[in-house]
S.K.: 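One structure is given below, represented as structure tokens, and several questions about it will come after.
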Amino acid sequence: MSGVNPATGLASDYLNHFYEPLMLLEHIDAEPDLLDDLAAWCPSSYAGHIGQSGRPDRELLLTAYRDAQPRVRRRFDSVAEEAGRATAAGLEGLVRTARGGGNVAQVASSLTDMLRRYIRRLDAIIHGRA
């Protein structure tokens with residue numbers, strides 16, 4: 001099965017959900033119109049993201065996730081939920097800052113750092129290092 005770590009039952013494809021806003025944040029200074037895309041971002045669970053991915057093997061990925069050790073899945077879901085809430089709140093703050101004429105670059109930089117930390121934590125769980 002492509003992309004699934006056999007030891008954890010998790011696929012790194014889910015990280016794309018967080019890489020998307022990360023990449024947009026990295027370009028927000030040069031392209032302020034990306035703000036609308038960032039404002040539209042919503043948290044999604046692993047199952048929700050994979051289920052909507054359009055991947056031909058998504059059912060296999062979802063089955064592997066459901067069959068994962070409950071302790072690993074709970075830890076992963078907890079970090080993913082926390083990352084989703086923090087990202088959504090951070091993006092809302094970025095939009096408010098932008099609309100208020102504040103320092104978007106500074107807020108975007110903080111959000112970028114935060115997202116990278118969450119991505120590393122999720123990646124560690126996916127690959128059995130946490």
S.K.: Contact between M114 and T87 at the side-chain level, heavy atoms closer than 4.5 Å - yes or no?
M.R.: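 SC-SC contact between M114 and T87 confirmed.
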
S.K.: Please tell me if the side chains of E92 and V95 come closer than 4.5 Å, counting only heavy atoms from C-beta onward.
M.R.: no

S.K.: Evaluate the side-chain proximity of H127 to T8: yes if any heavy-atom separation is below 4.5 Å, no if none is.
M.R.: no

S.K.: Is the number of heavy atoms from other residues, nucleotides or ligands within 6.0 Å of CD (Q69) greater than 12?
M.R.: no

S.K.: Tell me, do R121 and E82 make a side-chain contact under 4.5 Å, heavy atoms counted?
M.R.: yes

S.K.: Are any non-hydrogen side-chain atoms of V104 and P32 less than 4.5 angstrom apart?
M.R.: no

S.K.: When you look at CD of E26, are more than 12 heavy atoms from neighbouring residues, nucleotides or ligands closer to it than 6.0 Å?
M.R.: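 For E26, atom CD is crowded (more than 12 foreign heavy atoms under 6.0 Å).
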
S.K.: Would you check if I28 and L24 make a side-chain contact, meaning some heavy-atom pair closer than 4.5 Å?
M.R.: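 Side-chain contact under 4.5 Å: no.
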
S.K.: So, taking the atom named CG in D113 and the one named CZ in R117, what distance separates them when rounded to the nearest 0.5 Å?
M.R.: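 Rounded to the nearest 0.5 Å, the CG-CZ separation comes to 6.0 Å.
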
S.K.: Against Y14, only a single residue in Y65, F76, Y19, Y118 fulfils ring-ring contact (aromatic ring centres under 6.0 Å, His included); can you say which?
M.R.: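 It is F76; the other options fail the test.
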
S.K.: Is any NZ, NE, NH1 or NH2 atom of the basic residue among R74 and E81 found under 4.0 Å from an Asp or Glu carboxylate oxygen of the other?
M.R.: no

S.K.: Nearest heavy-atom pair of V4 and A64: which atoms, and what distance?
M.R.: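 Result for this residue pair: CG1-CB, 3.9 Å.
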
S.K.: May I ask you to decide if A105's main-chain N or O and S109's side chain share a donor-acceptor pair within less than 3.5 Å?
M.R.: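 Checking the backbone N and O of A105 against the side chain of S109, no donor-acceptor pair under 3.5 Å is found.
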
S.K.: How far apart are the closest heavy atoms of L38 and P21, and which atoms are they?
M.R.: CD2-O, 3.8 Å

S.K.: Can you tell me how far apart CG (D37) and CG (L91) are? Round to the nearest 0.5 Å.
M.R.: 11.0 Å

S.K.: Nearest 0.5 Å please: distance from the CH2 atom of W41 over to the NE2 atom of H17.
M.R.: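 Those atoms lie 4.0 Å apart.
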
S.K.: Once you round to the nearest 0.5 Å, how far does CZ of F18 lie from CE of M23?
M.R.: 13.5 Å

S.K.: For the CD atom of E20 and the CG atom of L25, what is their distance to the nearest 0.5 Å?
M.R.: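 If I round to the nearest 0.5 Å, the distance is 10.5 Å.
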
S.K.: Write down the atom of I126, the atom of L10, and the distance for their closest heavy-atom approach.
M.R.: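 Looks like CG2-O, 3.7 Å.
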
S.K.: Hey, are the side chains of H49 and N16 touching, using non-hydrogen atoms and a 4.5 Å cut-off?
M.R.: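 The answer is yes, as the side chains (C-beta and beyond) meet within the 4.5 Å cut-off.
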
S.K.: For the CG atom of L34 and the CG atom of L94, what is their distance to the nearest 0.5 Å?
M.R.: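 With rounding to 0.5 Å, CG (L34) is 10.5 Å from CG (L94).
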
S.K.: Would you say the side-chain atoms of R73 pair up with the backbone N or O of R66, donor to acceptor, closer than 3.5 Å?
M.R.: yes

S.K.: Are the side chains of I50 and L62 in contact, using a 4.5 Å heavy-atom criterion?
M.R.: yes

